[in-house]
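Reading through the structure tokens given below for one structure.
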Number of protein chains: 2
Amino acid sequence: MKVTAEEIIQEMVKQGMRITDQRKTLAGLFAEEGSALTPKAVYEYMGRLYPGLSFDTVYRNLRLMHEMGVLEQFVLEDGIKFRVSCGENHHHHHIICMNCDKTYSVTYCPMDAVSGLPEGFQVVKHKFEIYGLCEDCAARRDTPS
Amino acid sequence: MKVTAEEIIQEMVKQGMRITDQRKTLAGLFAEEGSALTPKAVYEYMGRLYPGLSFDTVYRNLRLMHEMGVLEQFVLEDGIKFRVSCGENHHHHHIICMNCDKTYSVTYCPMDAVSGLPEGFQVVKHKFEIYGLCEDCAARRDTPS
DNA sequence: GTATATGCAAAATCTTTGCACCGCC
DNA sequence: GGCGGTGCAAAGATTTTGCATATAC
């Protein structure tokens with residue numbers, strides 16, 4: 001079920017990207033990480049491993065990986081976040097923890113049940129996201145240290 | 001059904017905002033406008049009427065009006081957009097034209113039908129938006145000039 | 001009259017671009 | 001060896017902040 005770093009890299013190779021150390025590390029990071037990450041968080045993580053790393057390289061790689069469909073992008077009120085594209089090949093939506101940005105999948109798609117679209121409206125895409133607190137974060141919030 | 005400029009202003013007064021000429025104009029603009037507007041678009045519109053208008057005033061007013069619930073904010077891939085809050089007092093979602101940003105309402109709420117949330121997950125809010133082309137924009141795209 | 005709103009300027013973010021050098025294939 | 005990737009610097013774009021002046025109440 002889980003996407004591995006190798007699968008991410010294979011996909012990048014298939015699309016003609018060169019595999020640098022940095023990109024291997026990025027693949028590994030996103031393969032392990034269950035949460036959606038901001039470019040800044042990725043930069044900070046990578047910066048620890050690659051002294052002298054520049055912001056623009058991180059941005060470029062995130063953008064490229066998104067364009068190649070390896071990463072998914074979430075546009076949230078507190079900024080843009082990335083996570084690995086779900087390997088699941090059926091259509092699905094996401095549940096996102098507002099505290100730790102962990103994400104889960106929902107199989108249910110509301111489009112099947114929608115009626116009453118405006119006359120002549122051509123649907124191109126849709127967004128359905130559920131926000132809240134995951135079990136861990138909810139517990140932590142109920143019992144503050 | 002449609003929210004009027006007066007209603008917007010009354011709400012702002014109720015919340016303790018002073019009603020300046022600019023804010024009257026903003027209320028009028030959003031009352032008339034069926035589309036979601038970027039801060040930049042609002043600035044350009046207002047700038048024509050108020051020479052010497054500054055960007056920060058527009059931002060401040062948009063933010064204030066959003067905080068007061070007079071405006072709704074959409075976080076889209078191509079930027080933040082605002083439109084007047086729907087007067088409808090029942091829960092609903094939006095259909096948005098990707099070309100002209102016109103918006104419509106959908107009454108259907110997918111949360112009623114969702115099952116299989118992760119164990120212990122506390123839902124706080126959700127987003128359900130349908131994107132596509134409205135009848136006019138779809139027609140224009142099919143028959144380019 | 002007083003508190004709030006505005007305009008101006010500047011700063012803080014976030015993101016992109018151009019270019020020379022380096023490294024994957 | 002050649003093309004694509006990276007680092008550096010700089011520019012853009014967007015949004016925020018501080019303060020003096022103007023204005024609604």
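First the proteins, then the strands, lettered A, B, ... as listed; each starts at 1.
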Legend entry - Over-ring placement of A/K81 relative to A/F74, 6.0 Å and 45° cut-offs: no
Inset, instruction - Report yes if a side-chain nitrogen or oxygen of A/T20 is closer than 4.0 Å to either non-bridging phosphate oxygen (OP1 or OP2) of D/dG4; otherwise report no. - result: no
Inset, instruction - Would you kindly confirm whether A/V42 and A/L64 end up in one hydrophobic cluster when ILVMFWY residues are joined by side chain heavy atoms under 4.5 Å apart? - result: yes
Inset, instruction - Answer yes if A/F128 and A/V124 sit in the same cluster of Ile, Leu, Val, Met, Phe, Trp and Tyr residues linked by side chain heavy atoms under 4.5 Å apart, and no otherwise. - result: no
Legend entry - Results of side-chain contact (heavy atoms from CB on, under 4.5 Å) for A/E119 - residues two or more places apart only: B/E135
Inset, instruction - Identify, between A/P39 and B/S54, the residue whose nearest nucleotide on DNA chain C lies closer to the 5' end. - result: B/S54
Legend entry - B/M12 CE to D/dA24 C1', straight-line distance once rounded to whole Å: 13 Å
Inset, instruction - Find the distance between CZ (A/R140) and CG (A/D136) and round it off to the nearest 0.5 Å. - result: 5.5 Å
Legend entry - Span of DNA chain C, from the first to the last nucleotide whose atoms fall under 4.0 Å of chain A heavy atoms: C/dC14 to C/dC25
Legend entry - Heavy-atom check, side chain of A/H91 versus side chain of A/M111, under 4.5 Å: no
Legend entry - Separation of atom CG in A/D78 from atom P in D/dT16, rounded to whole Å: 13 Å
Legend entry - Gap between atoms CD1 and C1', on A/I80 and D/dT14 respectively (whole Å): 12 Å
Legend entry - Integer-rounded Å distance: D/dC25 P and B/I9 CD1: 10 Å
Inset, instruction - Report the relative orientation of the aromatic rings in A/Y59 and A/F55; use parallel for angles under 30°, tilted for 30 to 60°, perpendicular for over 60°. - result: tilted
Inset, instruction - Output the residues of residues 56-66 of chain A in contact with DNA chain D, where contact means a heavy atom of the residue under 4.0 Å from an atom of the strand; sort by number or write none. - result: A/D56, A/T57, A/R60, A/N61
Legend entry - Between P of D/dT16 and CZ of B/F55, the distance in whole Å: 12 Å
Inset, instruction - Take the protein atom CD of A/Q15 and the nucleotide atom C1' of D/dG5, then report the distance between them rounded to whole Å. - result: 17 Å
Inset, instruction - Check whether the side chains of B/T25 and B/Y50 place a donor and an acceptor atom closer than 3.5 Å, and report yes or no. - result: yes
Inset, instruction - Establish, with yes or no, whether the OP1 or OP2 oxygen of D/dT23 is under 4.0 angstrom from a side-chain nitrogen or oxygen of B/Q22. - result: no
Legend entry - Spacing of B/F82 atom CZ relative to D/dT14 atom C1', expressed in whole Å: 12 Å
Legend entry - Nucleotide D/dC3, atom P - distance to CZ of A/R18 in whole Å: 9 Å
Inset, instruction - Could you say whether B/R23 or B/G52 is positioned toward the 5' end of DNA chain C, judged by the nucleotide with the nearest heavy atom to each? - result: B/R23
Legend entry - Value rounded to 0.5 Å, distance of NE2 in B/H126 from NE2 in A/H93: 12.5 Å
